[in-house]
Amino acid sequence: MGQFHATTIFAIHHNGECSMSGDGQVTFGNAVVMKHTAKKVRKIFNGKVIAGFAGSVADAFTLFELFEGKLEEFNGNLQRAAVELAKEWRSDKVLRKLEAMLIVMNHDYLLLISGTGEVIEPDDGILAIGSGGNYALAAGRSLKKYAGEHLSAKEIAKASLEIAAEICVYTNNNIIVEEL
């Protein structure tokens with residue numbers, strides 16, 4: 001039996017703006033597109049945090065709920081909530097089996113959270129995950145470096161996903177962009 005998977009997420013801090021984009025494709029196994037319009041990027045914690053996931057859909061929803069609970073527990077402290085989620089995720093026997101990754105951001109921080117206990121803050125204010133993540137990351141870095149002063153964070157986030165969708169078969173053009 002195959003699993004449902006979701007694919008590409010891109011996030012950027014740029015010129016004081018924050019934006020995250022994600023495509024809408026959900027794939028069953030390696031051969032079937034089951035959904036074209038999934039929403040894998042959303043605002044949480046009263047619209048103060050954006051979170052996006054790549055990986056198994058059910059696992060990602062579990063992580064969204066746990067992360068939002070950690071934000072509530074630590075009064076919106078994104079870094080503390082991320083570290084506590086990563087610690088619980090890594091050490092809990094059930095959670096350890098979850099197959100997903102999260103990108104979370106607010107105005108101050110952009111973080112990648114994984115099930116192996118990593119909480120990573122990028123040096124350049126850009127993160128991407130999922131099957132098309134490396135394509136989106138390369139596109140976003142290039143856009144920020146060579147057209148950054150002419151483009152907003154939202155424009156870079158959208159364009160990076162569009163470029164990834166042209167290359168990655170697991171990424172589509174049904175793009176959702178959220179910004180703070």
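As the structure is a prediction and not an experimental result, all values here were calculated from the model.
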Worksheet item: Same cluster or not: are Met105 and Ile120 linked, directly or through other Ile, Leu, Val, Met, Phe, Trp or Tyr residues, by side-chain heavy atoms under 4.5 angstrom apart?
Response: yes
Between the OG atom in Ser21 and the CD atom in Glu178, the distance rounded to the nearest 0.5 Å is 10.5 Å
Q: Show the numbers, then the answer: is there a side-chain contact (heavy atoms from CB on, under 4.5 Å) between Ile113 and Phe67?
A: CA-CA 10 Å; Ile113 309 170; Phe67 182 68; 3.9 Å; yes
task = Answer whether the closest heavy-atom distance between the side chains of Thr37 and Lys35 falls below 4.5 Å.
result = yes
Start with the C-alpha gap between Lys70 and Glu84, add the side-chain angles, then the distance that decides, and say whether salt bridge (Lys or Arg N to Asp or Glu O under 4.0 Å) holds.
CA-CA 7 Å; Lys70 296 292 183 192; Glu84 292 301 320; 5.3 Å; no
Would you please test Val177 and Met20 for side-chain contact (heavy atoms from CB on, under 4.5 Å) and show each step?
CA-CA 6 Å; Val177 181; Met20 188 180 300; over 6 Å; no
Are Ser160 and Leu143 side-chain neighbours, meaning at least one heavy-atom pair lies under 4.5 Å? yes
Phe10, Ile175: one ILVMFWY side-chain cluster at the under-4.5 Å cut-off? yes
In this structure, CD1 of Ile103 is separated from CG of Leu127 (nearest 0.5 Å) by 5.0 Å
message: Please say yes or no: joined through hydrophobic side-chain contacts below 4.5 Å, possibly via intermediate residues, are Ile44 and Val104 part of one cluster?
response: yes
Q. Yes or no on side-chain contact (heavy atoms from CB on, under 4.5 Å) for Lys48 and Asn106, after CA distance, side-chain angles and deciding distance?
A. CA-CA 6 Å; Lys48 296 177 184 171; Asn106 62 14; 5.9 Å; no
In this structure, CD of Glu17 is separated from NE2 of His14 (nearest 0.5 Å) by 7.0 Å
Is it true that Tyr109 and Leu112 fall in one hydrophobic cluster, defined by side-chain heavy atoms closer than 4.5 Å? no
| Test log, rule side-chain contact (heavy atoms from CB on, under 4.5 Å), inputs Val33 and Val26 | CA-CA 6 Å; Val33 175; Val26 175; over 6 Å; no
Would one find more than 12 heavy atoms of other residues, nucleotides or ligands at under 6.0 Å from atom CG of Asn134? no
Hey, quick one: are Phe64 and Val119 part of the same hydrophobic cluster, counting side-chain heavy atoms closer than 4.5 Å, chains of contacts allowed?
yes
### Message
Check this for me: Phe45, atom CZ, are more than 12 non-hydrogen atoms of other residues, nucleotides or ligands nearer than 6.0 Å?
### Response
yes
CD1 of Ile126 to NE2 of His13, rounded to nearest 0.5 Å, is 11.5 Å
